[in-house]
Amino acid sequence: MPATVTRFAPSPTGRLHLGHAYAAKVAHDQARRDSGRFLLRFEDIDHTRVKSEFYEAIEEDLRWLGFEWDGPALRQSERTAAYSAALEDLRRLGVAYPCFCTRREIEEEVARMVSAPHGPEGALYPGTCRRLSENERNTRLAAGQQPAWRLDAPKAAAITGELSFTDSRHGRIAVNPGLLGDVVLARKDIGTSYHLAVVVDDAFQQVTLVTRGEDLLPSTHVHRILQALLRFPEPLYLHHELVTDEKGVRLAKRHDALSIRSLREAGASPADVVARLA
Ligand code: GLU
């Protein structure tokens, strides 16, 4: 059995708050318990939201909390060639198609449908561009229309057959390819997506145990499909609970008082903060 490799994967779009610290602690403790490796990865593909000062601020907060990571942090913004290669593989398999729809067109199409497919967070992409003929696709591409690329979920499922994944809190879960449907694999503006980048990098970094908040459980259905298509190993999962404020609202950037920096400035010690996470 290879040693446990976990990762903490924040986006450098703000300072760490207690929710991030909890996610970091789960990944850190799992790796240390098994004498494994704890990696840091910056999920910074969306350059419109990233701010350069947060790379260092996040590293500083992690060190202050005592969560030392192994090796240099990986930046997804430096990995675009790997994401393009994976997208190319998926296109060759015939499971990625160009989507020319605008957000508005998708909303209008969903509104017209009698029973539009829905996922955990609302309407799913209705598959409009999946039904374009090869000819229509080529005409639009030749006209210089820049597409997003989407997963052909039904076709992918036909290729992979039934899949499942194991989560240490939730047990063995059967993959439902329709849960998130034809997700975007590559956005028009950034050439990749959360789903594609995470799957490519978890394989590249040889992550054996993916720990993250349970809000991302639906995404894991997509990730297992991509892993199977790209012939990547299947990691184990631990989708942990989310940290909420006293009203039960999930922590976000607006909870500035619960940022690690604010707690520290208010006089808390790393031990106080870590004790609060436990
Ligand atoms: N960047 C994601 C987040 O901050 C983590 C995604 C993941 O762990 O797969 O929630």
Side-chain angles (χ1 to χ4, degrees), residues 4-31 37-51 54-55 57-59 61-62 65 67 69 73-79 82-83 86 120-121 165-170 173 179-180 183-185 187 190 192-227 230 232-244 249-255 258-260 277:
T4 299
V5 180
T6 64
R7 84 302 195 275
F8 174 54
S11 293
T13 55
R15 296 214 55 127
L16 294 189
H17 55 58
L18 278 179
H20 300 115
Y22 182 65
K25 178 175 160 53
V26 171
H28 171 269
D29 291 359
Q30 289 284 327
R37 284 160 55 74
F38 168 60
L39 308 178
L40 175 61
R41 179 167 82 218
F42 286 111
E43 304 217 317
D44 57 351
I45 51 175
D46 189 348
H47 46 80
T48 60
R49 296 177 55 233
V50 166
K51 289 213 174 66
F54 292 127
Y55 293 95
I58 288 173
E59 293 196 350
D61 286 343
L62 286 175
L65 286 163
F67 303 146
W69 56 98
L74 187 76
R75 292 191 182 193
Q76 290 194 320
S77 55
E78 292 170 1
R79 303 254 313 133
Y83 310 141
E121 279 165 20
F165 56 92
T166 300
D167 178 283
S168 54
R169 283 180 66 225
H170 300 92
I173 297 177
L179 187 65
L180 297 186
V183 292
V184 171
L185 298 170
R187 273 166 45 177
I190 60 175
T192 185
S193 63
Y194 162 67
H195 298 303
L196 188 62
V198 164
V199 165
V200 169
D201 285 342
D202 283 338
F204 175 68
Q205 295 189 286
Q206 301 183 340
V207 171
T208 63
L209 173 63
V210 173
T211 66
R212 60 184 172 212
E214 60 193 0
D215 56 326
L216 287 169
L217 195 53
S219 295
T220 304
H221 291 251
V222 176
H223 299 181
R224 269 304 292 138
I225 294 170
L226 296 179
Q227 286 156 4
L230 294 166
F232 290 158
E234 174 190 347
L236 292 169
Y237 288 89
L238 193 185
H239 292 89
H240 56 74
E241 285 173 281
L242 299 176
V243 178
T244 56
V249 177
R250 185 183 161 192
L251 293 193
K253 255 175 280 173
R254 65 180 179 281
H255 291 86
L258 297 178
S259 75
I260 303 307
L277 297 175

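The figures here come from the full heavy-atom set of this structure, side chains too, leaving out hydrogens, waters and symmetry mates. Each ligand, and each atom within it, is numbered from 1 in the order the structure gives.
When each of Val26, Leu62, Leu39 is tested with Phe8 by the rule side chain to side chain contact (heavy atoms under 4.5 Å, CB included), just one qualifies, namely Leu62.
Side-chain atoms of Arg79 and Gln76 form no donor-acceptor pair, as typed in the model, at a separation below 3.5 Å. With no hydrogens or angles considered, no side-chain donor-acceptor pair links Gln205 and Arg7 at under 3.5 Å.
Ligand 1 is never approached by Phe8 to a heavy-atom distance shorter than 4.0 Å. In this structure, Arg7 is part of the shell of residues with a heavy atom less than 4.0 angstrom from ligand 1.
Dense packing is recorded around CD of Glu234, with more than 12 heavy atoms of other residues, nucleotides or ligands lying under 6.0 Å away.
Salt-bridge formation is detected for the pair Asp46/Arg187: a Lys NZ or Arg NE/NH1/NH2 atom is positioned less than 4.0 Å from an Asp or Glu carboxylate oxygen.
When non-hydrogen atoms are compared, ligand 1 lies under 4.0 Å from neither the backbone nor the side chain of Val210.
With ligand atoms numbered from 1 in the order given, ligand 1 contributes 6 (C), 7 (C), 9 (O) to contacts under 4.0 Å with heavy atoms of Tyr194.
The N/O atoms of Arg212, backbone and side chain alike, include one that comes under 3.5 Å of an N/O atom in ligand 1. In terms of N/O distances under 3.5 Å, ligand 1 is not approached by Arg41. For Ala9, a nitrogen or oxygen atom sits less than 3.5 Å from a nitrogen or oxygen atom of ligand 1, counting backbone and side chain alike.
The protein non-hydrogen atom at the shortest distance from atom 10 (O) of ligand 1 is Leu216 CD1, 4.0 Å.
Scanning both residues, Pro235 and Pro233, for their nearest heavy atoms gives CD-O, 3.4 Å.
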